[in-house]
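First the structure, in the form of structure tokens, and then the observations on it.
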Number of protein chains: 2
Amino acid sequence: MIEKVRGFRDSFPEDMVPRQRMFDIMRQTANKFCFSPIDIPSLEYLELYKIKSGDELLTQTFSFKDKGGRELTLIPEATPSVVRMLTARKDIRKPVRWFCLPKLWRYEEPQSGRSREHTQFNADIFGDESLYADAEIISLACATLDKLGLCGTYKVRVNNRFLMEKILERAGIKQISKGYSLIDHFKKISKEEFEKELMDLSDDKEMLLALTELLGTEIKLSELDKKFPETFKSGNEEIIFRLMNTAKLVSKQTDAELVYDASVVRGLGYYTGIVFEGFDIKGEFRSIFGGGRYDNLCQLLSGTSMEAVGFGMGDAVLELLLRRNNNWDAEVKNNSVVFCALSKEAIDMCFSLVKTVREYGYSTTVDTSMASISNQLKKAGANGMGFAAILGPKELEDKKITIRNMKTGKQAVGSFQDLIQMMLELSEN
Amino acid sequence: MIEKVRGFRDSFPEDMVPRQRMFDIMRQTANKFCFSPIDIPSLEYLELYKIKSGDELLTQTFSFKDKGGRELTLIPEATPSVVRMLTARKDIRKPVRWFCLPKLWRYEEPQSGRSREHTQFNADIFGDESLYADAEIISLACATLDKLGLCGTYKVRVNNRFLMEKILERAGIKQISKGYSLIDHFKKISKEEFEKELMDLSDDKEMLLALTELLGTEIKLSELDKKFPETFKSGNEEIIFRLMNTAKLVSKQTDAELVYDASVVRGLGYYTGIVFEGFDIKGEFRSIFGGGRYDNLCQLLSGTSMEAVGFGMGDAVLELLLRRNNNWDAEVKNNSVVFCALSKEAIDMCFSLVKTVREYGYSTTVDTSMASISNQLKKAGANGMGFAAILGPKELEDKKITIRNMKTGKQAVGSFQDLIQMMLELSEN
């Protein structure tokens with residue numbers, strides 16, 4: 001017996017029905033925000049990720065050589081492919097709003113909320129450097145979560161990489177990228193450990209202390225101008241003002257709380273301006289979505305300069321959140337009907353009726369087991385069918401059909417032509 | 001500049017919009033037939049395909065070794081994974097109707113209607129050996145094509161592997177599998193070449209001649225009992241009767257023509273009963289869908305015996321058909337509206353309105369370019385927007401908004417609260 005590969009998912013209907021509903025909501029919400037769908041290849045040359053993705057990512061890819069000896073990889077993230085696609089087309093009018101729902105792969109240890117294969121909702125705005133684009137990207141992420149019924153269960157932590165750069169410089173830290181990777185671990189290591197490593201990066205003890213305090217504080221974005229530490233404020237007013245205005249625009253689209261959190265820098269190397277992460281308020285799970293502005297990546301990958309801001313939202317953490325919220329149930333199939341028949345002749349008659357029933361929007365199937373009617377009805381109930389359409393010997397002789405509402409148990413008898421009408425009437429009661 | 005991998009697709013919105021519509025129709029039709037969605041992993045152990053898939057397939061996989069040295073492959077077909085999933089679960093009530101829409105990969109030369117990565121609509125019925133299951137599977141394939149607007153452009157060629165086995169035996173062919181692979185090439189090689197190779201398999205010239213004639217003849221399934229050659233008929237009446245009854249049931253679901261075609265045997269090794277292929281009537285493209293009964297595969301893969309019938313329908317040939325049918329256009333975005341503003345204040349006001357507009361089901365975005373209104377309107381037209389909501393200085397002062405139907409050019413002015421109502425009224429004219 002051959003098992004599945006470790007860390008990969010078999011998705012049975014009980015999971016795929018709610019997951020598909022989740023994907024549909026992502027698509028519908030993106031559509032309402034005027035984002036157009038694209039699709040990216042599952043395989044790319046590994047070089048595409050060598051340019052600017054983090055090193056950690058490169059060690060976690062499913063890679064192999066093609067027959068010509070070039071290294072291919074199952075895509076570990078969507079952004080490089082999307083940028084490659086966009087910059088290959090000079091004819092597309094800017095700004096561009098694109099989304100995709102690709103599968104992504106990472107060769108890492110499977111754990112809760114992280115499997116080796118998952119689907120990511122990915123959205124980007126290209127060719128718009130304004131805060132409006134920042135606001136719309138965050139609003140789309142929030143509107144999607146809100147539509148999924150998660151409003152009130154998450155908040156958004158925001159930072160700005162330009163601001164952080166200046167803060168690190170002011171704290172006397174010259175190795176900015178080392179500073180970022182340390183800050184990226186701020187919430188994962190102990191305070192002592194963090195401070196010890198921080199002291200290695202600068203001699204200005206006082207400013208490092210101020211930095212540590214800032215990293216440990218969440219500030220409401222609406223109060224950022226008042227609460228932001230004076231030590232780091234002067235010269236950064238413009239960025240702070242932009243962050244506040246972005247948050248104001250987002251608050252018109254969602255009730256989700258936006259907070260400033262200096263410890264959010266996002267691991268990936270290519271962010272330039274705003275960075276953000278959606279977090280479970282209860283703190284049980286990994287981040288729900290993450291993204292930011294990456295105005296330099298297009299230039300690096302393709303030689304074409306292009307402003308860009310985007311996010312990625314994985315389906316695995318979302319599933320955990322929706323399950324906790326009791327929102328991961330299979331749909332109630334009210335508009336489904338099973339035909340129950342007792343003879344070949346009756347089965348044939350049922351098959352003459354299914355086309356019409358399907359055209360009226362019902363899901364339907366014929367029970368061809370020729371088991372007893374009571375047995376067939378039991379099965380219909382267990383399968384969660386909305387109606388049973390019974391064609392027993394008596395019905396067949398009279399050219400009538402019995403419709404049973406499986407939930408209420410109420411029945412009606414009528415001619416074949418009245419089938420849809422009978423189901424509608426039995427639904428109302 | 002890093003290019004995409006050869007044979008892979010970049011799907012831009014002009015392709016992804018119609019492709020997504022196609023996928024939605026597949027899902028909706030499967031749902032109407034009471035098929036439940038599942039999803040399968042993109043990677044499996046290569047062993048899974050060694051058991052029963054054709055050798056040709058094994059040479060065309062994207063395979064590589066994992067860190068433990070086991071051979072993994074990007075899945076080249078869906079059926080083995082689906083069977084692995086089903087037989088792993090003993091608790092699922094039979095019959096089972098499942099569908100999935102996975103991406104599949106084949107490492108072969110890219111050509112029209114065949115890329116190295118494509119998406120396949122895959123549907124199966126497990127645990128039902130009856131002709132009703134055969135009929136429902138073919139009906140689902142046909143109903144999907146019909147819903148895509150392809151009714152009248154395709155027909156279904158049907159055969160039965162048991163029947164073919166008996167025919168080959170009667171023609172004196174002992175090496176049945178050699179016979180199948182030769183017949184699989186019947187339409188691809190010349191008549192002379194075919195006959196020459198056929199003569200190597202049997203000495204019974206007369207029967208081989210009858211076989212060649214049968215292979216070159218299409219017989220309407222409704223006339224199969226009258227037109228089937230007497231030479232091969234006796235002893236096969238039951239199979240012929242089942243084929244005819246299957247076709248009769250299918251004809252209640254679709255107007256597509258079903259024909260008997262002895263040359264349809266399907267390359268893959270695992271079919272047992274009925275086999276079928278959907279064909280473009282004009283003969284321009286590869287087969288549209290293909291499938292059949294494979295009652296032995298579950299036993300071979302998992303040790304659990306289980307009847308099964310299913311089909312696969314690739315998206316690449318379908319796209320060619322839909323393009324030829326002028327049915328591959330991007331949607332007309334009637335329910336879309338772009339806000340046009342001329343000042344920061346007006347832009348802010350627009351962002352206060354978008355949430356409501358989106359909640360009413362419209363797609364909307366704010367043009368934040370601050371270009372002239374005429375310029376913004378030109379862009380809106382080029383982007384195919386249904387409406388423009390204009391907030392110029394005069395409107396801002398009066399707290400009014402101008403709505404323009406981009407198709408008719410008709411405009412209306414009203415308060416912010418009347419925005420939706422105005423669009424509805426402008427739609428009707």
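All heavy atoms count here, side chains included; hydrogens, waters and symmetry mates do not. All chains are named by letter (A, B, ...) in the order of the sequence lines, taking the proteins before the strands, and each is independently numbered beginning at 1.
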If you count heavy-atom pairs under 4.5 Å between each of [options] and chain B, which one has the most?
options                     : result
A/Ser369, A/Ser352, A/Ser36 : A/Ser352
A/Arg93, A/Lys248, A/Lys65  : A/Arg93
A/Asn31, A/Leu43, A/Ile40   : A/Leu43
A/Arg9, A/Glu47, A/Gln20    : A/Gln20

Ion pair present between [X] and [Y], side-chain N to carboxylate O less than 4.0 angstrom?
X        : Y        : value
B/Lys103 : A/Asp39  : yes
A/Glu44  : B/Arg6   : no
A/Arg358 : B/Glu136 : yes

Classify the ring geometry between B/Phe12 and A/Trp98 as parallel (under 30°), tilted (30 to 60°) or perpendicular (over 60°).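 Rings of B/Phe12 and A/Trp98: perpendicular, as their planes differ by over 60°.
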
Parallel, tilted or perpendicular: ring planes of B/Phe351 versus A/Tyr132, cut at 30 and 60 degrees: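 Judged by the thresholds at 30° and 60°, the geometry between B/Phe351 and A/Tyr132 is parallel.
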
Which atoms of [X] come close to chain A, meaning under 4.5 Å heavy atom to heavy atom: side chain ones, backbone ones, both, or neither?
X        : value
B/Ser63  : backbone
B/Glu117 : side chain
B/Arg19  : neither

For the residue pair A/Cys34 and B/Met385, what are the closest heavy atoms and their distance?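 Nearest pair, atom of A/Cys34 first, then B/Met385: SG-CE, 3.9 Å.
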
Where is the tightest heavy-atom contact between A/Met16 and B/Pro37, given as atom of each residue plus distance?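 Scanning both residues, the minimum pair turns out to be CB-O, 3.2 Å.
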
Contact winner vs chain A - [options], heavy-atom pairs under 4.5 Å:
options                               : result
B/Phe35, B/Tyr107, B/Trp105, B/Phe8   : B/Tyr107
B/Ile92, B/Leu353, B/Ile347, B/Leu249 : B/Ile347
B/Asp128, B/Asn383, B/Asp15           : B/Asn383

Check: A/Lys32/B/Ser363 side-chain N/O donor and acceptor closer than 3.5 Å: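 Checked: A/Lys32/B/Ser363 side chains show no N/O donor-acceptor pair below 3.5 Å.
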
Please confirm whether the backbone N or O of B/Cys350 pairs with a side-chain atom of A/Lys252, one donor and one acceptor, at under 3.5 Å?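 Between the backbone of B/Cys350 and the side chain of A/Lys252 there is no qualifying donor-acceptor contact (under 3.5 Å).
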
Can B/Arg89 and A/Glu14 be said to form a salt bridge (Lys or Arg N to Asp or Glu O under 4.0 Å), step by step? CA-CA 13 Å; B/Arg89 286 274 296 266; A/Glu14 58 265 33; 2.9 Å; yes

Can B/Arg84 and A/Asp10 be said to form a salt bridge (Lys or Arg N to Asp or Glu O under 4.0 Å), step by step? CA-CA 9 Å; B/Arg84 183 183 56 64; A/Asp10 284 340; 2.8 Å; yes

